Trainee: 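What follows is a single structure, and I will ask about it in a moment.
Given the structure is predicted, the values throughout are model-derived calculations rather than measurements.
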Amino acid sequence: VGLDQVVRQARALGITTPMDPVPGLALGQSEVRLIELTGAYAAVLNQGEWRPPTTIRRLLDAETCRDDRLNECGSLAGGNNPAVNAGRRAMRVESASQMQSLLRAVVRAGTGSAAALGGQEGGKTGTTNDGRDLLFVGYEPARHWVLGVWLGNDDNSPSSSSSALAASLWADIIRAAGRGGLHGG
């Protein structure tokens with residue numbers, strides 16, 4: 001494919017951080033913001049259509065989001081603003097389906113097995129030198145959820161763990177949210 005094409009594909013998937021077309025790019029040599037990486041994975045889940053990623057802006061508990069105060073709950077969808085939901089084709093549907101298969105294999109029998117929920121989830125782990133950054137970006141297709149988890153030290157010091165810890169946390173969050181343990185608003 002060539003390194004320039006890899007950079008072009010990353011741009012199509014919403015990666016805006018600087019990337020040099022050098023061999024180490026395939027191993028994660030360039031730093032990428034977690035929200036951009038998560039947005040790229042969301043495009044894979046969304047059959048190759050990229051949409052701007054969103055974040056959880058606040059969490060509400062049962063006390064905050066009572067029936068008599070529903071107007072305080074709000075919406076993460078940003079209302080009916082078409083600009084918020086505008087998408088674009090970032091990759092072919094066939095390529096997205098192949099990527100989904102590869103990402104499911106990572107969770108079923110690879111480095112992301114700590115994220116296994118018993119469904120069609122997929123994702124990818126990542127660990128930088130000396131465990132300074134522990135990553136897992138995964139998707140749960142039944143709910144159309146994509147979540148990126150980063151663990152590390154604020155001072156960039158090494159950790160004594162691996163990205164399996166991030167994958168395990170990802171699974172815990174997805175399970176809790178699926179049971180209604182987390183309420184976004």
Trainee: Could you report the tightest heavy-atom contact between K124 and Y41, atom names first, then the distance?
Mentor: CB-OH, 3.1 Å
Trainee: Are D172 and R175 side-chain neighbours, meaning at least one heavy-atom pair lies under 4.5 Å?
Mentor: yes
Trainee: Would you name the heavy atoms of L135 and A166 that are closest together and state the gap between them?
Mentor: C-CB, 3.7 Å
Trainee: Going only through I, L, V, M, F, W and Y residues with side-chain contacts under 4.5 Å, is there a path from L13 to M19?
Mentor: yes
Trainee: Which pair of non-hydrogen atoms, one from R89 and one from E49, has the smallest distance, and what is that distance?
Mentor: NH1-N, 3.7 Å
Trainee: Do V6 and P21 have side-chain heavy atoms sitting under 4.5 Å apart?
Mentor: no
Trainee: Could you give the distance from CD (E31) to CG (D133), rounded to the nearest 0.5 Å?
Mentor: 7.5 Å
Trainee: With a 4.5 Å limit on heavy-atom distance, are the side chains of Q47 and S97 in contact?
Mentor: yes
Trainee: Please check this pair: side chain of Y139 against backbone of N46, looking for a donor-acceptor N/O pair closer than 3.5 Å.
Mentor: no
Trainee: Could you tell me the separation between the CG atom of L134 and the OG atom of S168, rounded to the nearest 0.5 Å?
Mentor: 12.0 Å
Trainee: For atom CG of N129, decide whether the heavy atoms of other residues, nucleotides or ligands shown that lie under 6.0 angstrom number more than 12.
Mentor: no
Trainee: Which value, rounded to the nearest 0.5 Å, describes the distance between L147 atom CG and F136 atom CZ?
Mentor: 9.0 Å
Trainee: Can you tell me how far apart CG (L37) and CZ (R33) are? Round to the nearest 0.5 Å.
Mentor: 11.5 Å
Trainee: Treating Ile, Leu, Val, Met, Phe, Trp and Tyr as nodes and any side-chain heavy-atom pair under 4.5 angstrom as an edge, say whether W150 and L165 lie in one connected cluster.
Mentor: no
Trainee: Report the distance from atom CZ of R132 to atom CG of D155, rounding to the nearest 0.5 Å.
Mentor: 9.0 Å
Trainee: So which heavy atom on W170 is nearest to which on E121, and how close?
Mentor: CH2-CB, 4.0 Å
Trainee: Ignoring hydrogens and angles, tell me if any N or O in the side chain of S159 forms a donor-acceptor pair with the backbone of G131 under 3.5 Å.
Mentor: yes
Trainee: Return a table of donor-acceptor pairs under 3.5 angstrom between the side chains of residues 107-117 and protein atoms on other chains or two or more places apart.
Mentor:
unit_1, atom_1, unit_2, atom_2, d
R108, NH2, Q120, OE1, 3.3
T111, OG1, T125, OG1, 2.6

Trainee: Applying a strict under-4.5 Å side-chain criterion to I, L, V, M, F, W and Y, I'd like to know whether W50 and W145 cluster together.
Mentor: no
Trainee: Report whether M99 and L25 are members of the same hydrophobic cluster (ILVMFWY, side-chain heavy atoms less than 4.5 Å apart, transitive linking).
Mentor: yes
Trainee: Please report the closest heavy-atom contact between A96 and G48, naming both atoms and the distance.
Mentor: CB-N, 3.5 Å
Trainee: Who are the salt bridge (charged side-chain N to carboxylate O under 4.0 Å, His left out) partners of R88, not counting sequence neighbours?
Mentor: none
Trainee: Roughly how far, to the nearest 0.5 Å, is the CZ atom of R8 from the CD1 atom of I15?
Mentor: 16.0 Å
Trainee: Looking at every heavy atom in both V137 and T38, which two are closest together, and how far apart are they?
Mentor: CG1-CA, 3.9 Å
Trainee: In this structure, would L45 and M91 fall into the same cluster of hydrophobic residues linked by side-chain contacts under 4.5 Å?
Mentor: yes
